> 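Input: one structure, supplied below.
If you read the sequence from its start, that first residue is 1, and numbering goes on from there. Predicted, not measured: the structure shown is a model, and the values here were computed from it.
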Amino acid sequence: MKVAKRFAAACVLCALLAHAPEGRAAEPRLYQLAAPVDVWDADAEDLNGDGRKELFALLCDSKTWPYRKSVALYEGGPETGFSAQPDHVAALPEETGVVFFSEQTGQPPRELIAAHAAGAVCYTVSMDGFQEWKRVDFNSILPTQTREPLFLKKLSVDLDRDGIEEWLLPTAAGHQLYTSAGLKATIPSPMISSFRGGDTSYITYQIPAFDTFDLGGDGPLGIGFANDEFADFSHGPGWEQHWRFTVPHALDEKWESTVRIDDINGDRFPDLMITQTQGTINLESRTQIYVSGKPFSYPASPTAEFSAKGATTSPALADVNGDELLDVIVVRIPFGVANMVSYLVRGKVSVNLEIYAFDGKKYSETPAFTTDITMDAPDGREQVAYTIGDFNNDKKIDIAYAQGENSLALHQGDPARFLSDKPWLKLEVPSFGVARAFKLDGEGSDDIVLFHPSGPHSKRIDVILFE
């Protein structure tokens with residue numbers, strides 16, 4: 001099952017390469033950056049308002065106890081690019097579990113927040129480095145003393161439109177809205193936890209996915225939280241109006257579930273995509289999509305359903321055909337004898353991919369595109385790096401993915417058939433890891449940041465700047 005999780009998302013991208021003509025684009029600039037200890041995550045933020053984004057790396061020395069956490073700042077220049085060493089490094093509290101940017105003063109740039117279960121430290125950030133600004137106490141279920149700290153991209157949102165962003169902090173009973181000034185509101189959300197005992201015990205939480213929505217007017221944005229059984233929506237002044245949707249067709253013996261809440265049909269109200277997996281020998285995966293016809297209304301039966309027996313399923317929502325509606329990309333990894341033998345003997349995994357187009361009301365009954373592929377399997381905890389972006393500034397989606405351990409391939413978007421069948425560029429960089437797309441240099445094209453949380457390149461960051 002771990003093999004399925006590792007490859008499913010990468011397969012979404014790699015399997016889309018059976019398409020049209022080859023194109024050309026300018027050669028990018030490559031920068032190899034070094035970090036003093038292991039890099040676990042990266043993010044980008046504009047510090048001086050020039051449109052260019054500086055690069056931040058979240059670091060942890062996991063060979064010490066308590067784990068020593070820090071954040072590194074790499075400043076970029078239009079001519080010089082990025083220097084090989086960080087311009088500033090700031091130690092973070094050892095309790096730090098997650099880090100995020102949040103506007104707390106009403107004036108850019110946003111502050112950097114290092115948070116854990118019992119509170120957070122707020123830092124002001126500039127080209128001169130980091131300065132501790134404020135400490136905030138709260139009770140949450142954010143991780144503490146983790147060896148793998150992460151940047152969270154969606155934890156901070158300006159819900160009441162006052163220029164100060166709220167933090168959506170998960171607690172055992174729901175979510176609390178905090179700012180650096182303290183608690184603002186408590187919002188119900190379907191939080192589920194479990195306890196597994198033994199010589200070593202584990203407490204786990206399934207934190208619901210969330211999305212915001214706008215019902216019009218000058219009031220605050222509404223917010224919806226969803227797991228695989230319920231979706232809770234809060235809106236109005238103080239978020240005191242509530243509505244719950246109960247998912248009518250849940251699997252009884254599921255052992256894994258994933259949820260995506262997003263606006264599929266462009267009506268400004270969230271829709272739901274729920275994937276559940278049950279069984280071992282009789283493995284079954286099922287994805288259900290509920291598209292709202294109007295706010296606070298979902299159909300009694302799924303708008304679309306995709307099932308697979310003897311395989312795990314990993315669906316993704318993406319605008320494949322450029323109509324601003326979210327289509328479904330379904331990746332299935334079969335767990336038959338042939339696939340397991342291929343993985344154990346050849347180090348390869350076979351997958352099936354299908355694309356179902358959304359027309360604004362329903363999904364196509366048959367896939368608009370389908371293919372089977374075989375891809376290499378990285379060893380240990382390494383991952384196949386991949387990302388989506390517009391890397392040649394032609395307003396079409398391109399992809400970059402690890403073609404091999406040290407080869408990153410880039411394919412151009414094609415308006416008729418989505419992607420070119422041959423890469424327009426191959427780069428020799430360590431390609432097992434995590435790839436992220438940012439607009440680092442302020443230009444129209446996206447850029448790539450590649451880092452390697454495990455393996456021999458854990459202290460290295462590769463930056464690829466496109467013209």
> List the residues meeting side-chain hydrogen bond (donor to acceptor under 3.5 Å, both in side chains) with Y290, not counting sequence neighbours, and say none if there are none.
Q288
> List in chain and number order the residues that pass side-chain hydrogen bond (donor to acceptor under 3.5 Å, both in side chains) with S62, two or more places apart in sequence or in another chain; answer none if no residue qualifies.
R147
> Given 3.5 Å as the limit, does a donor-acceptor pair link the side chain of E166 with the main chain of L159, or not?
yes
> Measuring from L450:CG to R436:CZ, what's the distance to the nearest 0.5 Å?
11.0 Å
> For side chain to side chain contact (heavy atoms under 4.5 Å, CB included), just list the numbers for D390 and D398, CA-CA rounded to whole Å, side-chain angles, deciding distance to a tenth of an Å, and then say yes or no.
CA-CA 5 Å; D390 180 9; D398 313 310; 3.5 Å; yes
> With sequence neighbours left out, what residues match D446 under salt bridge (Lys or Arg N to Asp or Glu O under 4.0 Å)?
K439
> Find out whether F100 and R110 are in side-chain contact, i.e. whether some heavy atom of one side chain is under 4.5 Å from a heavy atom of the other.
no
> With a cut-off of 6.0 Å (strictly less than), are more than 12 heavy atoms of other residues, nucleotides or ligands near CG of N139?
no
> For L325, enumerate each residue passing the side-chain contact (heavy atoms from CB on, under 4.5 Å) test, keeping only those at least two apart in sequence or located in another chain.
D323, F358
> Would you say the side chain of I207 lies within less than 4.5 Å of the side chain of I141, judging by non-hydrogen atoms?
yes
> Is it true that a side-chain atom of Y74 and a backbone atom of A34 form a donor plus acceptor pair closer than 3.5 Å?
yes
> Ring pair (Phe, Tyr, Trp, His ring centres under 6.0 Å): which pairs involve residues 123-149, sequence neighbours left out?
F138-Y178
> Is there side-chain contact between V434 and P453, with heavy atoms separated by less than 4.5 Å?
yes
> Output all residues satisfying side-chain contact (heavy atoms from CB on, under 4.5 Å) with K459, sequence neighbours left out; order by chain, then residue number.
D38
> Is K154 reaching over with its side chain to a backbone N or O of F210, donor-acceptor style, under 3.5 angstrom?
yes
> According to side-chain contact (heavy atoms from CB on, under 4.5 Å), who are the partners of T144, at least two apart in sequence or on a separate chain?
E95, H116, A117
> Flag the pair I448 / L410 as yes when at least one side-chain heavy-atom distance between them is below 4.5 Å, and no otherwise.
yes
> Is there a donor-acceptor pair under 3.5 Å between the side chain of Q104 and the backbone N or O of E165?
yes
> Classify the side-chain pair S285/T277 by whether it contains a donor and acceptor separated by less than 3.5 Å.
yes
> Is there a donor-acceptor pair closer than 3.5 Å between any side-chain N or O of T64 and the backbone N or O of D61?
yes
> Using modelled atom types only, decide if a donor and an acceptor are shared between the side chain of K69 and the backbone of T96 within a distance under 3.5 Å.
yes
> Could you tell me whether the side chain of V71 reaches within less than 4.5 Å of the side chain of V99, counting heavy atoms only?
no
> Within the distance-only criterion (no hydrogens, no angle test), does the side chain of D43 pair as donor or acceptor with the backbone N or O of F151 below 3.5 angstrom?
no
> With sequence neighbours excluded, what pairs up with I203 under the side-chain contact (heavy atoms from CB on, under 4.5 Å) test?
F195, Y205
> Evaluate the side chain to side chain contact (heavy atoms under 4.5 Å, CB included) criterion for residues D232 and I187: first the C-alpha distance (whole Å), next the side-chain angles of each, then the deciding distance (0.1 Å), finally the verdict.
CA-CA 9 Å; D232 287 339; I187 297 180; over 6 Å; no
> Before giving the answer on side chain to side chain contact (heavy atoms under 4.5 Å, CB included), spell out for D441 and D447 the whole-Å C-alpha distance, their side-chain angles and the decisive distance to 0.1 Å.
CA-CA 8 Å; D441 59 1; D447 308 297; 3.3 Å; yes
> Rounded to the nearest 0.5 Å, what separates atom CD1 in I289 from atom CG in D262?
11.0 Å
> Flag the pair F101 / F56 as yes when their ring centroid distance falls below 6.0 Å, and as no otherwise.
yes
> Tell me whether E103 contacts the main-chain N or O of T105 through its side chain, where contact means a donor paired with an acceptor under 3.5 Å.
yes
> With heavy-atom distances below 4.5 Å as the criterion, would you say the side chains of V328 and I264 are in contact?
no
> Side chains of L142 and L169: closer than 4.5 Å at any heavy-atom pair?
yes
> Can you check side chain to side chain contact (heavy atoms under 4.5 Å, CB included) on T303 and D271, steps first, answer last?
CA-CA 10 Å; T303 306; D271 307 300; over 6 Å; no
> Counting distance only, does the side-chain N/O of T275 pair as donor-acceptor with the main-chain N or O of T258 below 3.5 Å?
no
> Nearest 0.5 Å, what's the OG1-CG distance between T186 and L177?
7.5 Å
> Tell me if the centroids of the rings in F245 and Y298 come within less than 6.0 Å of each other.
yes
> For A385 and S431, which heavy atoms make the closest approach, and how far apart are they?
CB-O, 3.1 Å
> First locate atom CG of D263, then atom CZ of R268, and finally report the distance between them rounded to the nearest 0.5 Å.
9.5 Å
> Would you please name every residue forming a side-chain hydrogen bond (donor to acceptor under 3.5 Å, both in side chains) with E94, sequence neighbours left out?
none
> What I want to find out is whether K184 reaches D160 closely enough, with some N-O distance under 4.0 Å, to be called a salt bridge.
yes
> Checking T146 side chain against G97 main chain: does a donor-acceptor pair fall under 3.5 Å?
no
> Once side-chain hydrogen bond (donor to acceptor under 3.5 Å, both in side chains) is applied, what residue pairs with a partner in residues 206-216 remain, sequence neighbours excluded?
R161-D214, Q206-S257
> Any luck finding a side-chain donor-acceptor pair between T204 and S194 under 3.5 Å?
yes
> Taking only residues two or more places apart in sequence or in another chain, which ones pass side-chain hydrogen bond (donor to acceptor under 3.5 Å, both in side chains) with W167?
S102
> With sequence neighbours excluded, give me every salt bridge (charged side-chain N to carboxylate O under 4.0 Å, His left out) pair touching residues 185-195.
none
> Determine whether more than 12 heavy atoms belonging to other residues, nucleotides or ligands lie under 6.0 Å from atom NZ of K63.
no
> Taking atom CD of E305 as the centre, does the number of heavy atoms from other residues, nucleotides or ligands within less than 6.0 Å exceed 12?
yes
> Could you tell me whether the side chain of N406 reaches within less than 4.5 Å of the side chain of P430, counting heavy atoms only?
yes
